Every structure is written in C-alpha cells, then in structure tokens.
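Single-structure report; data block below.
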Amino acid sequence: MEKIRQALTMIYDKKSFLAGNIEDPEIHQKIIDALPVPIFYRNTNGMYQMCNAAHEKFTGKAKVDIIGKSVYEVHSKDMADMYSHQDKELISNPDVQVYNTLVKQSDGSKHYVIINKAVIRDNEGKIIGIVGSINDVTELKKTEQRLEKAQESMEVSSQMIHKISSGIVMVDRNLKIVDSNESFARLMGTETSELYETIPGLKGANVHGLVPEVVYKMISNLLTSGEEKVERDLKFHNKLLHVSVLTLYKNHVVGAVFRDMSAPMLVQDEIINRARRINKKSIETVQKVAFLLGENAAETEELLNSIIETYRYGDEDNA
C-alpha cells in the first residue's frame, strides 16, 4: 500500500507534473511550431502576441520582428488595413471567421490564402484577442485556373470538330470514345448515326465495332506504339475512305480523321495533291541519278533545271 501511495505522490508532484507538461509555455511554442500551417495570435489592439515557425516562413519575418508589433509594422498598409478591418468585424461579431484573400509579400510574391480566425476569451469571458491560421492555396488556385482553361479549350475544340465536314473521332487508351462528330457517325452507317442521336458525341462508347476492323487495329496499335501518324485508304459501305490516325497525347489519346474520297471535290483535290507528291519525288530521284553520272552531270543538270522550273510554275498556277 505504501508503494502505491509513493507512486501516486510522484505522479502528482507539482514539479514532476509541470516539467515538460502542456502548461509549460515552451511546450506551447514547440507544439504550434510543429504545425505546418502558419498560426498567429493578436490582441484586440492588433498587436502580435504569438506566431509559429510556419508563420515566420510565410511572412519572411522572424518572430523578433513580429511579436509585440502591430499589423501595420509587420505588413504593408493595404494588407494591414484589410487585417485590421477583419479583426474589428470579428470582435464585433464574435464567431468563426473564414475568408479568401490575395496576400502580397515583401519579396513581391503573391499568395492566394484562406484565413480562419476566432476570438480568444479570458476566464471571465472577455475577448482578449484573435487566433488565426493561414492556408496557402496558391498551387491549388493555379491548378483550378489551368483546369478551367483546359475545360474551355475542350469545349472550343469540341465545337470545332462538330463543324468540320470530315469525320472525326477521338479515342482514349481504354479504346473508349472521348468525342466524335456527326460526320463520323454518318460515315460509319445508320446504326452508328442512331446511336449518336442517343449518345451525343458517342462519348464513352467502345470504339470496337463502330469502326472497320482495320481502323480499330490502326487506333489500338498507335496507342501502344506512340507513333505520330498512320494512314491508309479503304473501301467501306461502298465508299472510298482515306483514314488518318494521329497521336494527340502519346499512349493516351489518338484522333482519327475520315475523308470520303467519293465526294467529287475531295477526289479532285486529292488527285492533284498526290500527283504533286509523286512529281516531286520523281524529280528528287532523277537528281540523285544525275549526281551519279559524273562527267555528264552538267548537261543533265541543265535539263533538270528546266523540268523543275516547269513544275514550279505549274504548282504556282494550281495553288
């Protein structure tokens, strides 16, 4: 029994209890310094009474330059005016105060923050100060702005592809349709057109079965390989289609463009473009042969220049 009494006496001994206990002011400071969020305590006159290490880092000022100083001595006049006004509002209407603001630091940097504050009362219930925390949400704000811009870009892009006459479909790495236009649905046939009316843009639909098997393989292979582009001609539903599959986001999203080569104007344009490509390749081949001729190169070069000029003028006339 005596041992138990001695143990209890040791536990409740005032000196033993206070050493390293929560009532020790140094422990108070160590606790708030351990918090990663900037914390501060100001009295009702706007004088700083306490802050933590995170607050020092956020403001760029040491505790010795903050404690005992007013908001006007620590911050710019604009910021101090705002803090002082908000403090007075809180004291007049004691409750939890939360607001967003843009903080300008002495080094010129700007931070989007959320400030949480509440009043501190003494044992008689009198308000003696304000305690607050500062949550820096600058990176979150930037991310939100980037997402908003990305969303706007997606909406613009979506509107654009729906106004293009060529069939367009975008597919993600799960081979699900991200978006498509009505021209694509029409080219793929009646069933796809009807599905398009039910599911705008065919968003979320499995691309397999909606496109010819050869195109499905082109899409899946490009998603795997990460190549920039593959293309080919094929017959589908009694139409000659030219299909180009392009990487939009490597290994994540590809886009396919379908051109109906049966359309008269497209046929004419495509024939001209392909003829030009063949002509230019032929000229390059002849130039390489001429280089190998050696002694007869001068006469061959004169002939080639004449041919090149002819094609050059021809290209300009048809441009």
Side-chain angles (χ1 to χ4, degrees), residues 140-277 318-319:
L140 178 60
K141 188 74 173 177
K142 289 179 180 178
T143 300
E144 287 177 352
Q145 290 173 343
R146 286 195 292 267
L147 288 173
E148 286 175 3
K149 289 180 180 179
Q151 183 63 34
E152 289 175 4
S153 298
M154 286 177 63
E155 289 174 0
V156 171
S157 299
S158 181
Q159 290 181 22
M160 287 179 65
I161 71 168
H162 287 285
K163 295 182 182 297
I164 294 174
S165 58
S166 298
I168 297 177
V169 62
M170 292 182 287
V171 182
D172 65 19
R173 60 182 175 181
N174 297 316
L175 296 168
K176 302 288 186 181
I177 294 178
V178 176
D179 202 358
S180 67
N181 63 4
E182 190 175 356
S183 298
F184 164 76
R186 283 201 308 269
L187 287 173
M188 294 302 100
T190 306
E191 291 184 4
T192 306
S193 291
E194 291 175 351
L195 183 61
Y196 187 91
E197 292 177 3
T198 306
I199 308 174
L202 298 171
K203 296 176 182 178
N206 195 326
V207 74
H208 192 248
L210 294 181
V211 298
E213 187 65 24
V214 64
V215 176
Y216 175 76
K217 289 180 179 178
M218 290 168 68
I219 290 171
S220 57
N221 289 340
L222 203 66
L223 280 167
T224 302
S225 68
E227 293 179 49
E228 288 187 8
K229 179 181 179 180
V230 292
E231 56 184 325
R232 65 166 296 168
D233 296 336
L234 68 139
K235 281 190 175 181
F236 184 68
H237 290 169
N238 298 319
K239 292 179 180 179
L240 176 62
L241 301 179
H242 179 74
V243 184
S244 299
V245 183
L246 310 95
T247 291
L248 302 179
Y249 179 19
K250 190 173 181 180
N251 301 125
H252 284 77
V253 180
V254 300
V257 181
F258 295 75
R259 299 175 68 204
D260 183 1
M261 303 307 297
S262 306
M265 288 304 296
L266 284 177
V267 171
Q268 181 182 352
D269 289 345
E270 189 65 19
I271 289 173
I272 292 171
N273 288 332
R274 292 188 183 188
R276 285 179 177 174
R277 288 201 296 270
N318 291 321

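Note that the structure is predicted; figures quoted are calculated from it, not measured. Positions are given from 1 along the sequence.
- With sequence neighbours excluded, the residues satisfying side chain to side chain donor-acceptor pair (under 3.5 Å) with Arg173 are His252.
- For Glu191, the side chain to side chain contact (heavy atoms under 4.5 Å, CB included) criterion is met by no residue, not counting sequence neighbours.
- Every side chain to side chain contact (heavy atoms under 4.5 Å, CB included) that Asn174 has, sequence neighbours left out, goes to Asp172, Lys176.
- Within the model, atoms CG of Leu246 and CD1 of Ile219 stand 11.0 Å from one another, a figure rounded to the nearest 0.5 Å.
- What you find for Asn251 and Leu223 is that their closest heavy atoms are ND2-O, 2.8 Å.
- Within the structure, salt bridge (Lys or Arg N to Asp or Glu O under 4.0 Å) pairs that include any residue of residues 217-229 comprise Lys229-Glu231 (at least two apart or interchain).
- Put simply, CG on Leu222 and OG1 on Thr247 are 3.5 Å apart, with the number rounded to the nearest 0.5 Å.
- Here Tyr216 pairs with nothing under the side chain to side chain donor-acceptor pair (under 3.5 Å) rule; sequence neighbours left out.
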Enumerate, atom names and distances included, each donor-acceptor pair closer than 3.5 Å involving a side-chain atom of residues 180-188, sequence neighbours excluded.
from: Ser180; atom 1: OG; to: Gly201; atom 2: O; distance (Å): 2.9
from: Asn181; atom 1: OD1; to: Ile168; atom 2: N; distance (Å): 2.9
from: Asn181; atom 1: OD1; to: Phe184; atom 2: N; distance (Å): 3.0
from: Asn181; atom 1: ND2; to: Ile161; atom 2: O; distance (Å): 2.8
from: Asn181; atom 1: ND2; to: Ile164; atom 2: O; distance (Å): 3.3
from: Asn181; atom 1: ND2; to: Ser166; atom 2: O; distance (Å): 2.9
from: Ser183; atom 1: OG; to: Ile164; atom 2: O; distance (Å): 3.4
from: Ser183; atom 1: OG; to: Ser165; atom 2: O; distance (Å): 3.0

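- Atoms CZ and NE2, on Arg232 and His242 in that order, are 11.0 Å from each other to the nearest 0.5 Å.
- Once rounded to the nearest 0.5 Å, the distance linking CD1 of Ile199 with NZ of Lys203 reads 11.5 Å.
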Inset, instruction - Under the side chain to side chain contact (heavy atoms under 4.5 Å, CB included) rule, what do Leu234 and Val215 come out as? Steps first, then yes or no, please. - result: CA-CA 9 Å; Leu234 68 139; Val215 176; 4.2 Å; yes
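- Rounding to the nearest 0.5 angstrom, the gap separating the CD atom in Glu194 from the CD atom in Glu197 is 7.0 Å.
- Of all heavy-atom pairs spanning Leu210 and Ala205, the tightest one is CD1-CB, 4.1 Å.
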Inset, instruction - Would you check, one step at a time, whether the test side chain to side chain contact (heavy atoms under 4.5 Å, CB included) holds for Val245 with Val171? - result: CA-CA 10 Å; Val245 183; Val171 182; over 6 Å; no
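- Listed by chain and number, the residues in a side chain to side chain donor-acceptor pair (under 3.5 Å) with Ser193 amount to none (sequence neighbours excluded).
- For Leu140, the side chain to side chain contact (heavy atoms under 4.5 Å, CB included) test picks out Val137, Glu144, with sequence neighbours left out.
- Counting only heavy atoms from C-beta outward, the side chains of Phe236 and Val243 never approach each other to under 4.5 Å.
- Smallest separation of non-hydrogen atoms from Leu202 and Ile177: O-CB, 3.3 Å.
- For the side-chain contact (heavy atoms from CB on, under 4.5 Å) criterion with Met218, the lone passing option out of Val230, Val254, Val211 is Val230.
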